[in-house]
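Keep in mind that this is a model prediction, so the values were computed, not measured.
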Amino acid sequence: MLVFTLVLLVRAGAQILTPVTWTWKAESIAPGEYKLTFTAKIDKKWHTYSQYIGDGGPVPTKFTFDPKNKDIQLVGKTTETGPKIHEGHDPVFDMQLKYFEEELVCTQMVKVLKDTKLKGTLEFMVCDDSRCLPPDDKEFEFDLKGKAGVKIVPDKSGKSELNKTDDKTPGQQLNDSKAFNDSVQEAIFKAMAKDSAQATATLASNATSLGGGTGNKFGTPIGNCNTAGVETGNKSVWAIIVLGFLGGLIALLTPCVFPMIPLTVSFFTKRSESKGKGQFEALIYALSIVAIYILLALPFALFNVSSDTLNELSTGAALNVFFFVIFVIFAFSFFGYFEITLPSFIANKADSASNLGGFVGIFFMALTLAIVSFSCTGPIVGGLLAGALLSANGKLNVVFGLGAFGAGLALPFGFFALFPGMMKSLPKSGGWLDTVKKVLGFVEFIFAFKFLSNADLVSHWGFLPRELFLGIWAVIGLALFLFLIGKLNLPHTSPVTKFSPVRVGFIALALAFTVYSAFGIPGNELHLFSGFPPPKSYSIFKTHSAITPIQNDYEKALALAKKEGKPLMIDFTGWACVNCRKMEENVWTDPQVLDRLTDKYVVLSLYVDDKKELPENEQYLSSFFKGKKIKTIGNKFSEMEAKYFDKNSQPFYVLISPDERLLNHPTGYTPNAKEYVEFLDCGLSSFKQLSKN
């Protein structure tokens, strides 16, 4: 059953995405006059763009009616509306954009001279907050009844409204100046055509098939070494466990917990008849602490919420703004402006139950500690809950994370019970505990703005670009530095009379954090902060790719790979693909990645949204896309990616040898440069292995 479930999950992750469904109808409003309505149902978290946006951005929705039909006149422009419309400046494309969520309804009024069939196509592009799919098109047809006497009125230019064309899309403008040599592609894409017999014969006579599916030239991957673009559940779980355990250790250094260590250990070792019994009871106390935090996590794990719902919540603006507010409240609590405590009657009840004796009494003693220390541990636990819920395997990670937190918190109680003589090495309680608590307040502030940035990125509000985010971090770091040197006073803060080695170390860290954050504001790389600030593309500065790949010419790229004895990287990309630009700007510019792409690979970019039309004799109905007409170069590349690699999102990277063998498993969006280097190195390793055979 487990294997079957895993197969389903893997297959589900590879399904072709179809987040938009179009329907259309014609409604007669008067003899010879019709209202044509086109309705797009859009899945959650996806959006499609207005017809009326400028050049240089995403592909707009576009309706094209048969210009050869002289019996039809369009009346006015195509209107558009929907329940959720977003309009404003998009910081990624740096332009005004309008897009629709949930539903888009477009209406076009027409006059009909006589009975006719009105044919046409609609083109659209759909994106979510992390990727864009290739522009798609749908062919439509209406049977319309005309009325004698209805006249087709030409516009001032003498042309029918039906013959007007909109401005070209950015992809068309870019490709008008490009010569495309697709002689080798003819054999490739005949394999995608309806006539499978012709395709088989063509592929047999031409060793140019592209793809990694069963029975094609590429075959199965030679290497299986790369994990780029794949976030494993185990990796996420172990990260949460480590963070939870460290959080428990940090909580020990707060004034709510640290003084309790010697008192509690002494209580157990002195009240028992024997040393062994006292140590055993102290260990039970420590295990009870772990059990309490696991019990705290169980409601999150048992609550019947699907992983898809958790994912929608975790990537939504509402939850991230909520965590921002919570973390700010936690920060001010740590600063000493107020305390977050549980109602006193809860602590009193737990304390009374601790007098029961035996294991039950010890458990309630541990519960009393958890309750009375909540003002110090609560913010740390809250941060851990947020990180666990927003990660992969969110519900499971909450259990592991809080269990690890409890283990870190309980560790000294068990350890010093076994080795009571070592308690003498513990530092004495004092003002340094309050300093630790306030330092944690600054840390809470730092992470609060990460959640606010998440909300800003998801919603495209554009108010927190990379430079402002790093500037805020630099200000927080500077405030922490001033606090540690005694120049910034917070409630209940004791004057700084001496600088211990530990304080000096924290002062150095605060200063380094401030300088490093400020260093990234002009656009410098911040590898230590990777993944925390907004991406470089979310910036007030313009960035450019350092690599110029061969574009849309597979034969030329393959010939160059053979000549230079290098493997070929196929980059499925798009003119309007945001994540493709992020990879080019942030990952391809990494020195190690740049070295491999420029010196060890031939790079080919295939644009799935290229609007250059194929000759009519090369256009065909796709059997893979259930009858969709393949009319453009972009259509061909899009079908190629979907049919042979079961993908239709970009970017998508495939590594092949000059004799067209798949070197390793392809990968998608990989913002971590180190993982991308591993992916490239895996391909190089497989290529060397292939060369030796």
Side-chain angles (χ1 to χ4, degrees), residues 231-262 264-265 279 282-301 323 326-327 330 334 363 365-367 369-419 422-423 425-427 432-433 436-437 439-444 446-447 450 502 505-506 509 528 531-532:
E231 183 179 351
T232 64
N234 286 340
K235 180 179 178 181
S236 175
V237 167
W238 279 111
I240 290 295
I241 289 174
V242 171
L243 289 174
F245 187 76
L246 291 175
L249 295 179
I250 291 172
L252 288 170
L253 302 178
T254 60
C256 310
V257 180
F258 189 82
M260 300 297 294
I261 297 173
T264 304
V265 172
Q279 291 175 335
L283 288 175
I284 295 298
Y285 179 82
L287 292 175
S288 297
I289 294 174
V290 178
I292 286 166
Y293 283 98
I294 292 177
L295 289 172
L296 177 63
L298 286 182
F300 294 92
F323 280 135
I326 291 297
F327 270 56
F330 285 161
F334 271 150
F363 176 84
M365 284 184 64
L367 181 60
L369 172 72
I371 294 171
V372 298
S373 64
F374 182 80
S375 61
C376 294
T377 60
I380 301 174
V381 170
L384 184 63
L385 276 173
L389 286 172
L390 299 185
S391 66
N393 305 319
K395 294 192 292 185
L396 183 64
N397 283 350
V398 170
V399 177
F400 283 111
L402 288 185
F405 176 87
L409 189 65
L411 179 64
F413 294 97
F415 179 81
F416 289 117
L418 294 175
F419 308 100
M422 297 192 67
M423 279 198 299
S425 62
L426 284 177
W432 66 273
L433 290 172
V436 170
K437 187 177 177 181
V439 169
L440 291 176
F442 287 100
V443 174
E444 294 278 342
I446 289 170
F447 283 103
K450 170 57 180 170
V502 175
F506 275 101
L509 285 174
L528 295 178
F532 281 93

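The two residues Phe363 and Ser288 come nearest to each other via the heavy atoms CA-OG, 3.8 Å. Residues Gly401 and Ile240 approach most closely at CA-CG2, 3.4 Å, considering heavy atoms. Summarising the geometry of Tyr293 relative to Leu402, their closest heavy-atom pair is CB-O, 3.3 Å, with the distance given to 0.1 Å. Nearest heavy-atom pair, Ala286 versus Gly414, reported as atom, atom and distance to 0.1 Å: CB-N, 4.0 Å. The two residues Ala410 and Val290 have their closest heavy-atom pair at CB-CG2, 4.1 Å. Of all non-hydrogen atoms in Val399 and Ile294, the two that sit nearest each other are CG1-CG2, 4.5 Å.
Summarising the geometry, atom CZ belonging to Phe400 is positioned 14.5 Å from atom CG belonging to Leu243; distances are rounded to the nearest 0.5 Å. Atom-to-atom distance recorded for Leu409:CG and Phe245:CZ is 10.5 Å, nearest 0.5 angstrom. With rounding to the nearest 0.5 Å, the separation of CD1 in Ile289 from OH in Tyr285 is 4.5 Å. Residue Phe415 holds its CZ atom at 12.0 Å from CG of Leu283, rounded to the nearest 0.5 Å.
With contacts defined as side-chain heavy-atom distances shorter than 4.5 Å, the pair Phe330/Leu440 does not qualify. Side chains of Val443 and Phe334 form no contact here, defined as non-hydrogen atoms less than 4.5 Å apart.
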